Amino acid sequence: MPTPILQVRDLHKTYGKGASSFEALKGVSFDVNEGESLAIVGKSGSGKSTLMHVLALLDKPTSGSIRLNGEETDTLHGKELNAVRNQTFGFVFQQFFLTANQSVLSNVVLPLKIAGVKSAERKQRGMDALSQLEMDSKAHNKASALSGGQKQRVVIARALVNNPKIIFADEPTGNLDTTTGTIVEGMLFDLNREQGITLIVVTHDEDLAARCDRRIHVRDGLLLDDNESSKGTRGEAR
Ligand code: ADP
Ligand code: MG
């Protein structure tokens, strides 16, 4: 049996302290296998984004363990943590987080710049990623000049540029009309299938969730046992 790419055990996340504190994750455990597509579903406020941020090492859990390729991640700090995140993950969020007055290409190559890749190689790899999303003709346009669907394609190109092992997508079609959303969705699944990139997608879009290999359902900070394939989750509903 190969080691799962992510092993999540008894994750807790509490925001704030004292009387105003809020426990957003109450003990969540599951594995993610390399190359699979996993949907994280559940109502608004159930803890999906919290879970994704913690999984993507953007935020620390209050307790519990996340192993990435078998390695415990809670010992990672500072530059080392940034490097692991930058080399291993790509991010596609509902808000595009593009720098509006910069070119499409400079937005896409930002992760490479952070990683210290030289300018000529950045340009090459940035253009390759944009070509994959059929956005190379817009490379020198300002990001602000794009439509919503084009922006999200640029965001996917940026998520790809570092050859990530995992793409985390939080409501990636949430700001798009249905047709554009379907196209963007298709692009994410193509990357999953054709390049074996593990796809973890937070969504309350039933169609999007149904296209994933597997889903986990978050309710009030806990996982529900939805089906056979979510074995290994704790699954205690209230
Ligand atoms: P979802 O993505 O499923 O809508 P979230 O993970 O964003 O849910 O939020 C889960 C719960 O945690 C919500 O009740 C939310 O209000 C609370 N929460 C999220 N972020 C914070 C924060 N930074 N401080 C305090 N509470 C938060
Ligand atoms: Mg959310």
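Whatever order the structure lists them in is the order used to number ligands and atoms, beginning at 1. Note that the coordinates shown come from a computational prediction; the quantities given were computed from them, not determined experimentally.
Under the 3.5 Å distance criterion, with hydrogens and angles disregarded, a donor-acceptor pair is assigned to the side chains of D128 and Q124. For the residue pair Q132/E194, the side-chain donor-acceptor check at 3.5 Å is not satisfied. Donor-acceptor pairing under 3.5 Å is recorded for the side chains of E72 and S65. No hydrogens or angles considered: nothing links the side chains of T179 and T182 as a donor-acceptor pair under 3.5 Å. With 3.5 Å as the limit, one finds a donor-acceptor pair spanning the side chains of Y15 and T50.
I216 pairs with exactly one of V28, V41, L38 by the side chain to side chain contact (heavy atoms under 4.5 Å, CB included) rule, that one being L38.
For atom 22 (C) of ligand 1, the nearest protein heavy atom is under 4.0 Å away. There is no protein heavy atom closer than 4.0 angstrom to atom 16 (O) of ligand 1.
Distance from atom 12 (O) of ligand 1 to its nearest protein heavy atom, with residue and atom name: F22 CE2, 3.4 Å. Protein heavy atom closest to atom 19 (C) of ligand 1, with residue, atom name and distance, is Y15 CE1, 3.3 Å. In this structure, the protein non-hydrogen atom closest to atom 6 (O) of ligand 1 is T50 OG1, 2.6 Å.
Closest heavy-atom approach to atom 13 (C) of ligand 1 among the candidates G45, S46, S21: G45. Nearest-residue assignment for atom 2 (O) of ligand 1 (options G42, A24, S44, S49; heavy-atom criterion): S49.
For ligand 1 and K43, the ligand atoms under 4.0 Å from any heavy atom of the residue are 3 (O).
Polar contact check, G47 against ligand 1: a nitrogen or oxygen pair lies under 3.5 Å apart.
Distance check for S49 against the Mg ion (ligand 2): an N/O/S atom falls below 2.8 Å.
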>> As a quick check of understanding, evaluate side-chain hydrogen bond (donor to acceptor under 3.5 Å, both in side chains) for S29 and D10, giving each step before the final call.
In response: CA-CA 5 Å; S29 306; D10 203 21; 5.1 Å; no
